[in-house]
There are 2 protein chains.
Amino acid sequence: MKKRVLISDIAKALGISVTTVSFILNDKAKEKRISEALTKRVLDYVKKVGYKPNQLAKSLRTGQTKILGLLVEDIANPFFSNVAKHIERRAYEAGYHIIYCSMDNDESKAKELIQLFIDRQVDGFIITPSEGLEETISHIKQSNIPLVLFDRFVPSVYTNYVVSDNKHGSYEATKHLLEGQNKRIGLISLYSNQTQMRDRLDGYMEAMDEFRMQSFIKKLHMETPDEEAKDQINEFVVDNKLDAVLFATNYLAVKGLKALKSCKVALPKMVAFDEHTLFKLHDPSITVVSQDIEQLTRELIHTLIAEIEGKLKEPRQLTIPCELIIRESSISL
Amino acid sequence: MKKRVLISDIAKALGISVTTVSFILNDKAKEKRISEALTKRVLDYVKKVGYKPNQLAKSLRTGQTKILGLLVEDIANPFFSNVAKHIERRAYEAGYHIIYCSMDNDESKAKELIQLFIDRQVDGFIITPSEGLEETISHIKQSNIPLVLFDRFVPSVYTNYVVSDNKHGSYEATKHLLEGQNKRIGLISLYSNQTQMRDRLDGYMEAMDEFRMQSFIKKLHMETPDEEAKDQINEFVVDNKLDAVLFATNYLAVKGLKALKSCKVALPKMVAFDEHTLFKLHDPSITVVSQDIEQLTRELIHTLIAEIEGKLKEPRQLTIPCELIIRESSISL
DNA sequence: TTGAAAGCGCTAACAC
DNA sequence: GTGTTAGCGCTTTCAA
């Protein structure tokens, strides 16, 4: 294991001072009017010996870690793991690294994790705020740590966020079902005050009201065991004689499919929120309201980096359109 | 934003030296025979003011970052995102954080990433080595950076790894198909020298040989566009009049399903490697060789931390059994 | 038992 | 243009 070469080794070898080397390495050569020749000599030597600055020392000195903290609800959910993948790539392109974790809807774990990330001096946070995190988010905001909320936001905290236009997506999906001559359309959602859930409910309601149809809403608890959720879903669909169902999340739709298959009724028409590998392949393939992950993550990273670089005067609050992807599950054959 | 309190602030406030505070904070109180009373006084004060040591300074001094680098093939693959979730939780429990990225089968990206992580002084690596990474892995090993390979290993480098018993899993799956009276059983795999792929091939062969059956093997390129892969799979299955197919990965099976559905032949019997949300729900549900993610990740983190703490004399090379989960796709109705 | 002080490797204010 | 040097906040050796 060869010894790490230090900036002082370079200075010594080239008979110049560390400052000069440091300036050159940090692209301050012309600003400090260091000669082209010397600059080149240093750069060449650096490349030759393969010098890499010690990031820790650099961070300690500058206060910048070039690390971003990503906290998602559940990294194993295909929506979030896809998002994570895009975020990681974009962050990497901008010279940042991602340290992540799943909060698993555990409020105290989430708080602890955020504190841990603050202690690690991440340069910024990307968070899908789960219930009960208002204060913590507010605390980050007050600490002036750059922050972008994602997928949902916290109305009480005026900060950056990038979310999908859930309400309109939900409205379109519901309208699509209504226009397919379905009368009895149910919504299966969660007991949750999160903005994305509320917006999806609003969109559904708006469409139902517009068509003067009675709404049927079933909410489940996040923690409901699968078996029980199954029974509740079946009961909801069968007892209300629903023609169609809108699922507020991809995993609710997955649960719904499992449930409805187990009882031998005909599958109602259905639409799910968020893509899932399953949906394209399922028979019938499942119509979805798809979030634009490319655009969401692009704006997300862009906003966060702008904030880190102090280029943001005001919080940036973006709402990205969703796309309704019509497949077999929502149309009459 | 209140100013961070430093260790020196504590020392000053309590009228003692930084050394003493540091010793107490690092659980060296009794070792250094510091009085209980003082210890308590310091700890209480620390809690009161909410002091958190600066991890950067600590890391710079000790050389330990408490950060682990996780490099997986593709974080968006449900197998890997599941693994990532478990790893993150276990690392967190052991006081470590995870910095991750997807290598996306891009050799140069992978190399760069590994170098970047080394520069960041991660305490250890967890890597699913993709093709062409032998030297880089060997370089990590030679640099004495703790390392555990995962999912597959690099035969030329004698280092820790935790993998599934792919060969036996594949053997069992094939045998299961053979015992179901299928004669013409094909394997769909990848052009790849990775150990897990080789082992899956070996297991298939062994079973086929044992039953004196002719083997049918189709390999695809990772980069083959979906449309083309589809055609190739259909052709392979139809032309060879296969009764059954073993897919060497979950995403190959997903491609296979898409392909076979598009042409109107009856679905052959099938088994896939690795779980996928899709498989349980698909009609027919898909039989899989499932890797034991709980155990794999437990051993993984355990091994890595043992190595970091210098408790490992010899590389630990573990092979964890797979489980064949029989569903509808492989049995006659 | 406790304290003083040397550094970990780097940046940048200040001096020349 | 380039060099000297004081820290960033912490751990740990050595001395008392």
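Proteins come first, then strands; the chains are lettered A, B, ... in the order of their sequence lines, and each starts at number 1.
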| message | Are H97(A) and F117(B), when compared by the centres of their aromatic rings, separated by less than 6.0 Å? | response | yes
| task | Compute the bend angle of the helix from dT1(C)-dA16(D) to dC16(C)-dG1(D) from the end axes (five pairs per end), rounded to 10°. | result | 40°
| field | Sub-4.0 Å heavy-atom contacts from residues 112-125 of chain B onto DNA chain D, ordered by number | value | none
Which atom pairs, one a donor and one an acceptor, fall under 3.5 Å between side chains of residues 64-72 of chain B and the rest of the protein, sequence neighbours left out?
residue	atom	partner	partner atom	Å
T65(B)	OG1	I67(B)	N	3.3
T65(B)	OG1	Q121(B)	O	2.8
T65(B)	OG1	D123(B)	OD1	3.2

| message | Determine whether a donor-acceptor pair (N or O, by modelled atom type, separation under 3.5 Å) exists between the side chain of E107(B) and the backbone of L133(B). | response | no
| Does T159(A) offer a backbone N or O that forms a donor-acceptor pair with the side chain of Q317(A) under 3.5 Å? | yes
Check: protein-nucleotides 8-11 of chain D nitrogen or oxygen pairs below 3.5 Å:
residue	atom	partner	partner atom	Å
dG9(D)	N2	A57(B)	O	3.4
dC10(D)	OP1	Y51(B)	OH	2.5
dC10(D)	OP1	N54(B)	N	3.1
dC10(D)	OP2	I7(B)	N	2.9
dT11(D)	OP1	N26(B)	OD1	3.3
dT11(D)	OP1	N26(B)	ND2	3.2
dT11(D)	OP2	S22(B)	OG	3.1
dT11(D)	O2	R61(B)	NH1	2.5

| Can you tell if the side chain of L149(B) reaches within under 4.5 Å of the side chain of N160(B), non-hydrogen atoms only? | no
| query | Which residues, if any, of residues 35-43 of chain A bring a heavy atom under 4.0 Å of DNA chain D? | reply | S35(A), L38(A)
| Cation-aromatic face contact K109(A)/Y92(B), 6.0 Å, 45 degrees | yes
| field | First and last nucleotide of DNA chain C, 5' to 3', lying under 4.0 Å from heavy atoms of chain A | value | dG9(C) to dA13(C)
| query | At what distance, to the nearest 0.5 angstrom, does CG of L113(B) lie from CD1 of I127(B)? | reply | 9.5 Å
| Geometric class of the F79(A)/F150(A) ring pair [parallel <30°, tilted 30-60°, perpendicular >60°] | parallel
| said: Looking at I75(B), is its backbone amide N or carbonyl O close enough to the side chain of S102(B) to form a donor-acceptor pair, meaning the two atoms are under 3.5 Å apart? | reply: yes
| said: I'd like to know whether R90(B) forms a salt bridge (Lys or Arg N to Asp or Glu O under 4.0 Å) with E294(B), so could you lay out the CA-CA distance, the side-chain angles of the two residues, the decisive distance to 0.1 Å, and finally the verdict. | reply: CA-CA 10 Å; R90(B) 293 184 193 282; E294(B) 282 286 335; 2.8 Å; yes
| Is there a donor-acceptor pair under 3.5 Å between the side chain of S17(B) and the backbone N or O of T19(B)? | yes
| query | Is the NZ or CZ atom of K28(A) both under 6.0 Å from the centre of the six-membered ring of F23(A) and within 45° of that ring's axis? | reply | no
| remark: Interatomic distance, OG@S59(A) vs CZ@R120(A), rounded to 0.5 Å, equals 11.5 Å
| query | Looking only at atom types and distance, does a side-chain atom of T297(A) sit under 3.5 Å from a main-chain N or O of I293(A), one as donor and one as acceptor? | reply | yes
| task | Could you tell me whether a side-chain N or O of S81(A) sits under 3.5 Å from a main-chain N or O of S81(B), the two making a donor and an acceptor? | result | no
